[in-house]
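Notes follow once the structure below has been shown.
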Amino acid sequence: MSMRGRHLDAYSMYKRGTREHGFDAFDKEQGPERSLNGVGKDIGVPSWKRSLRHVLVATLSSFLYGYHLGVVNETLESISRDLGFHGNTMAEGLVVSTCLGGAFVGSLFSGLIADGVGRRRALQLCALPMIIGASMSATAKSLWAMLLGRLFVGTGMGIGPAVAALYVTEVSPAYVRGTYGSFTQIATGLGLMGSLFIGFPAKAIEGWWRICFWASVAPAAILALFMEFSVESPHWLFKRGRAADAEAEFEKLLGGPYVKSAMAELSKSDRGDEADTFKFSELLYGHHRKVVFIGSTLFALQQLSGINAVFYFSSTVFETAGVPSESANMCVGIANLLGSFVAMILMDRLGRKVLLIGSFSGMVSKKSFCWSFTVWLMP
């Protein structure tokens with residue numbers, strides 16, 4: 001939903017508001033966003049520093065998501081030995097996939113929770129099952145206890161990242177919204193690298209895998225605590241009829257001179273939302289079906305690329321190929337993180353469409369090269 005070829009109007013602080021928060025209007029960098037005060041005087045752009053700390057706190061949920069993606073990578077062999085299912089590939093697969101099952105359940109309710117209790121409380125709620133689940137996994141004495149802990153963690157993983165992305169979008173000034181949005185992916189990459197790094201001693205030190213699970217409790221507790229001191233989404237407050245509270249939060253996020261224009265745009269976008277009310281079935285059969293189909297297909301292709309298998313089982317795969325898992329895993333983590341930094345730098349310059357085309361073209365090229373190389377090696 002880009003705004004190519006148009007100059008930003010006086011109320012462009014939050015672009016087109018809640019209705020289009022997921023597709024930021026900065027598909028092309030069009031210069032700094034400007035805002036006008038009540039008498040038409042140009043007052044420039046709000047400081048990005050005001051909202052930064054709130055964004056960083058929210059991205060802890062993405063850090064935890066990445067951490068729990070990779071925490072069983074280096075530790076799975078040790079876990080299986082200590083809990084008595086070593087060599088049972090079905091049980092090892094369940095330790096991995098149970099977490100994903102919990103994430104699926106959590107993702108089904110993430111939107112309802114975010115709209116019901118607010119973005120801030122939703123992020124606090126996602127931290128709770130992560131704390132409980134990680135503690136259960138760290139103290140597990142059997143496979144079933146481990147699976148139950150992973151299920152709890154997965155529930156929090158399903159809720160957190162989706163709400164965090166929504167929260168970051170709604171509290172960020174529009175001119176840095178794409179950059180701040182990239183923070184969630186960077187946090188995921190850092191969490192993944194952290195879990196791989198902390199898991200290296202697992203094969204040499206007995207019971208170290210329990211420390212790996214305990215380590216995730218701290219950032220989850222910090223998320224729950226610090227969100228108490230973070231702002232609530234002004235968009236959510238306004239939707240709930242709490243305009244005065246929304247103004248107060250805008251003042252914390254943007255500064256006093258920008259509150260009036262932000263509230264005016266929020267009010268305008270809310271009227272547009274009411275006019276554009278549609279049924280859920282229209283997502284599948286109405287004029288929105290093309291966007292839904294493209295977005296869903298992109299997500300499906302990303303998963304089918306096999307990246308999750310790399311995050312979960314790369315240690316086993318590399319060791320089977322005779323490659324030291326520690327070095328190889330760090331290369332995987334660094335490559336994933338570098339891609340996130342590239343996206344952060346280019347998001348508001350090249351636009352989303354260009355980055356999507358470039359990234360998926362790279363995936364296709366990599367797959368083609370790997371397939372050709374494999375065929376070449378075959379006798």
Side-chain angles (χ1 to χ4, degrees), residues 13-15 17-18 20-26 29 32-33 35 45-67 110 113-114 117-127 130 156-157 159-192 194 218-238 245-246 248-255 258-259 262 265-266 337 339-349 352:
M13 184 62 60
Y14 268 66
K15 299 297 182 194
T18 307
E20 299 186 358
H21 61 73
F23 303 93
D24 179 30
F26 274 68
E29 186 179 49
E33 178 186 323
S35 182
V45 298
S47 173
W48 52 267
K49 297 178 182 178
R50 285 178 170 268
S51 56
L52 178 60
R53 63 186 181 92
H54 306 288
V55 169
L56 292 178
V57 173
T59 54
L60 279 175
S61 65
S62 297
F63 175 87
L64 288 164
Y65 179 85
Y67 186 92
S110 61
I113 294 173
V117 301
R119 313 331 185 200
R120 192 167 58 125
R121 295 293 181 223
L123 287 169
Q124 289 178 310
L125 285 175
C126 89
M130 288 189 178
M157 290 171 61
I159 298 173
V163 178
L166 182 61
Y167 178 84
V168 169
T169 298
E170 293 179 343
V171 302
S172 303
Y175 72 100
V176 291
R177 191 171 295 156
T179 301
Y180 279 3
S182 300
F183 283 8
T184 57
Q185 180 60 30
I186 292 174
T188 301
L190 288 173
L192 177 65
I222 292 173
L223 172 63
L225 177 62
F226 279 41
M227 281 308 301
E228 186 66 29
F229 304 100
S230 298
V231 300
E232 181 55 270
S233 164
H235 294 257
W236 181 79
L237 291 170
F238 190 82
D245 292 334
E249 300 296 57
F250 268 136
E251 186 168 1
K252 295 176 185 177
L253 291 168
L254 307 175
Y258 304 93
V259 172
E265 179 61 23
L266 198 56
L337 189 61
S340 302
F341 276 109
V342 170
M344 179 187 70
I345 296 170
L346 300 180
M347 183 76 73
D348 289 331
R349 289 175 168 81
R352 282 65 165 151

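Here the structure is a predicted model, which means the values were calculated and not measured. Computed over heavy atoms, backbone and side chain alike; hydrogens, waters and symmetry mates excluded.
Between the CZ atom of Arg120 and the OG atom of Ser233 there is a distance of 11.5 Å, given to the nearest 0.5 Å. Note that CG of Leu64 and CE of Met130 are 5.0 Å apart. Values are rounded to the nearest 0.5 Å. Note that the CD atom of Gln124 and the CZ atom of Phe226 stand 12.5 Å from one another [nearest 0.5 Å]. Interatomic distance, Met157 CE to Ser110 OG, rounded to the nearest 0.5 Å: 13.0 Å. Rounded to the nearest 0.5 angstrom, Leu253 CG and Leu52 CG are separated by 11.5 Å.
Distance alone, capped at 3.5 Å, places no donor-acceptor pair between the Glu249 side chain and the Pro234 backbone. Within the 3.5 Å criterion, the main-chain N or O of Phe250 finds no donor-acceptor partner in the side chain of Tyr258. Proximity of a side-chain donor or acceptor of Arg50 to a complementary backbone N or O of Glu251 within less than 3.5 Å is detected.
The heavy-atom pair separating Ala127 from Ala224 by the smallest distance is CB-CB, 4.0 Å. Among all heavy-atom pairs drawn from Ala122 and Ile113, the shortest one is CB-CG2, 3.8 Å. Shortest non-hydrogen contact noted between Ala187 and Thr59 is CB-O, 3.4 Å. Contact between Val231 and Lys252 at its shortest, heavy atoms only, is CG1-CD, 3.7 Å. Of all the heavy atoms in Ala114 and Val163, the pair that sits closest is CB-CG2, 4.0 Å.
Side-chain contact between Val117 and Trp236 is absent, with no heavy atoms from C-beta onward closer than 4.5 Å. Contact of the Ser172 side chain with the Val55 side chain is registered, since non-hydrogen atoms from C-beta on lie closer than 4.5 Å. A heavy-atom distance below 4.5 Å is found between the side chains of Leu223 and Ser61. The shortest side-chain heavy-atom distance between Leu266 and His235 falls under the 4.5 Å cut-off. Taking the side chain as every heavy atom from C-beta outward, Val259 and Leu254 never approach each other to under 4.5 Å. The closest side-chain heavy-atom distance from Val176 to Pro173 is below 4.5 Å.
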Quiz prompt | Verdict with reasoning, Leu56 to Phe183, per side-chain contact (heavy atoms from CB on, under 4.5 Å) | solution = CA-CA 8 Å; Leu56 292 178; Phe183 283 8; 4.1 Å; yes
Exercise. Might you work through the side-chain contact (heavy atoms from CB on, under 4.5 Å) test for Leu125 and Ile159, ending with a clear yes or no?
Key: CA-CA 8 Å; Leu125 285 175; Ile159 298 173; 5.8 Å; no
Self-check item: Check against side-chain contact (heavy atoms from CB on, under 4.5 Å), Tyr180 and Trp48
Solution: CA-CA 10 Å; Tyr180 279 3; Trp48 52 267; 3.4 Å; yes
Quiz item: Can you list the steps and then say if Thr184 with Thr188 is a side-chain contact (heavy atoms from CB on, under 4.5 Å)?
Solution: CA-CA 6 Å; Thr184 57; Thr188 301; 5.5 Å; no
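Using a cut-off of 4.0 Å between Lys/Arg side-chain N and Asp/Glu carboxylate O, Glu228 and Arg121 are scored as salt-bridged. Salt bridge annotation for Arg119-Glu170: present, with a cationic side-chain nitrogen under 4.0 angstrom from a carboxylate oxygen.
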